[in-house]
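Data block below; observations after.
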Amino acid sequence: MLLGEGRNPAMMSRPSDNEVTADWADLSALPGATTSWAHNGIVITSAGVLVGFHAGLLVTFDRMGRVARSVRPGLTEAHGITLVREGEVEYLWVSDPGFVFAAGPGDGDEQWPAVFGKGVRVESRPPRVVKMTLAGEIVAELPVPARSANALPGMMGDYCPCGTAVDEERLGGSGDVWVADGYGAGLVHRFDRHGAHRLTLSGEEGGGRFLCPHAVFIDRRGGKSPELYVADRENRRVQVYDLGGRHLRTFGASFLNSPSGFAVSGDLLIIAELYARLTVVDPEDNFVCYVGAEDSARPEAGWPERPGWPNALSGDGRIEPARHPAAGAFNSPHSLAVDVDGNLYVSEWLIGGRYTKLRIADVM
């Protein structure tokens, strides 16, 4: 069983201290990382190297959480990172939504004090989905899809890609790349391996219109025909499709509050929930347990109530770093990855960033 078990969706579990390495990554060695607002994806290479993104830098960490290398690839943010292998070479597909929140002097941009506090601004560039080497060299880029008749008003713009999933050819797939436009038009796009746009999903094919499709993931557990999982975050559910774009099922409405990312450990699927926890489901999409929910942050639906969340506010309403929760509890899980030894790594969305390493014991 994964760290802390329970079949009742009301049950929360917190790993014991000896199963957790809080603040695993040493971000102090990265210029600007301890004061920037982390909003990044993470992956782990076949060599066990964890890759993340902070303050404009693509960063690799060694197994002890120390910075091994950093490079500035010219992106605003690596909001989603997907690792693929072609022959013996590994590449990264990176989703840059074209914006990242930052905190600094002054009152910041006028639209954000009511949500995050004073001092918040947005740094922006054109959105991009790129393929790059592990050294940060961009080798391919997908086009921006034409605006669809199914587009909704964008949260942060017309096109703001959050994540990708690749139907890898080494696994018998087509090479297609799926892109979740979660902060833009609320759509999921499919591109072929040559970069041509082939399909758009809106959610209306089955479970209902997407509302912030934040992450996509191709599930091949158990040797089944591959399926596309879409984290339909603000609808608090996951929608599942075949790789032709046919809707198969929807799950999670009774136990998810903010699905944001996926990772597999054995036959279990671990879902990062931005609102303060991880959720684990079995191969049939049934609830297994929650992991790491802080007692003071249990929103059943909607934005957590703490002023300034995911950060904190000073006495005059200015944004400042949040107090980190106790070891084994989470503030705002955004992305996650599992290494070959079964260790789970979780990155969080907050000023200064935070990585937690959890030891997975007796996985089902």
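Here the structure is a predicted model, which means the values were calculated and not measured.
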Before we go on, tell me: are the rings of His214 and Tyr183 under 6.0 Å apart, centre to centre? yes
Does a salt bridge link [X] with [Y], judged by any charged N lying under 4.0 Å from a carboxylate O?
{"X": "Arg221", "Y": "Asp282", "result": "no"}
{"X": "Arg128", "Y": "Asp96", "result": "no"}
{"X": "Lys224", "Y": "Asp219", "result": "yes"}

Could you tell me if the side chain of [Y] sits less than 4.5 Å from the side chain of [X], heavy atoms only?
{"X": "Val139", "Y": "Thr133", "value": "yes"}
{"X": "Val49", "Y": "Leu134", "value": "no"}
{"X": "His189", "Y": "Leu142", "value": "no"}

Who pairs with Asn40 by side chain to side chain donor-acceptor pair (under 3.5 Å), at least two apart in sequence or on another chain? Tyr355
Return each pair, listed once, that meets salt bridge (Lys or Arg N to Asp or Glu O under 4.0 Å) where at least one residue sits in residues 150-162; pairs must be two or more places apart or across chains. Arg147-Asp158
Would you mind telling me which of Arg249, Arg246, Arg220 makes a salt bridge (Lys or Arg N to Asp or Glu O under 4.0 Å) with Glu227? Arg249
Positive for salt bridge (Lys or Arg N to Asp or Glu O under 4.0 Å) with Arg190, one of Asp167, Asp181, Asp176: Asp176
His197 pairs by ring pair (Phe, Tyr, Trp, His ring centres under 6.0 Å) with which of Phe191, Tyr159, Trp178? Phe191
Do the side chain of Asp339 and the main chain of Asp341 share a donor and acceptor less than 3.5 angstrom apart? yes
Thr279 side-chain N/O to Leu256 backbone N/O, donor-acceptor pair under 3.5 Å: no
Picking from Glu137, Glu141, Glu86, what satisfies side chain to side chain donor-acceptor pair (under 3.5 Å) with Lys131? Glu86
Working to the nearest 0.5 angstrom, can you tell me the gap between Glu205 CD and Gln239 CD? 7.5 Å
When rounded to the nearest 0.5 Å, the distance separating CG of Leu274 from OG of Ser335 is 9.5 Å
Start with the C-alpha gap between Leu27 and Phe61, add the side-chain angles, then the distance that decides, and say whether side chain to side chain contact (heavy atoms under 4.5 Å, CB included) holds. CA-CA 10 Å; Leu27 300 175; Phe61 298 91; 3.7 Å; yes
Under 3.5 Å, is there a donor on one side chain and an acceptor on the other for Thr76 and His79? no
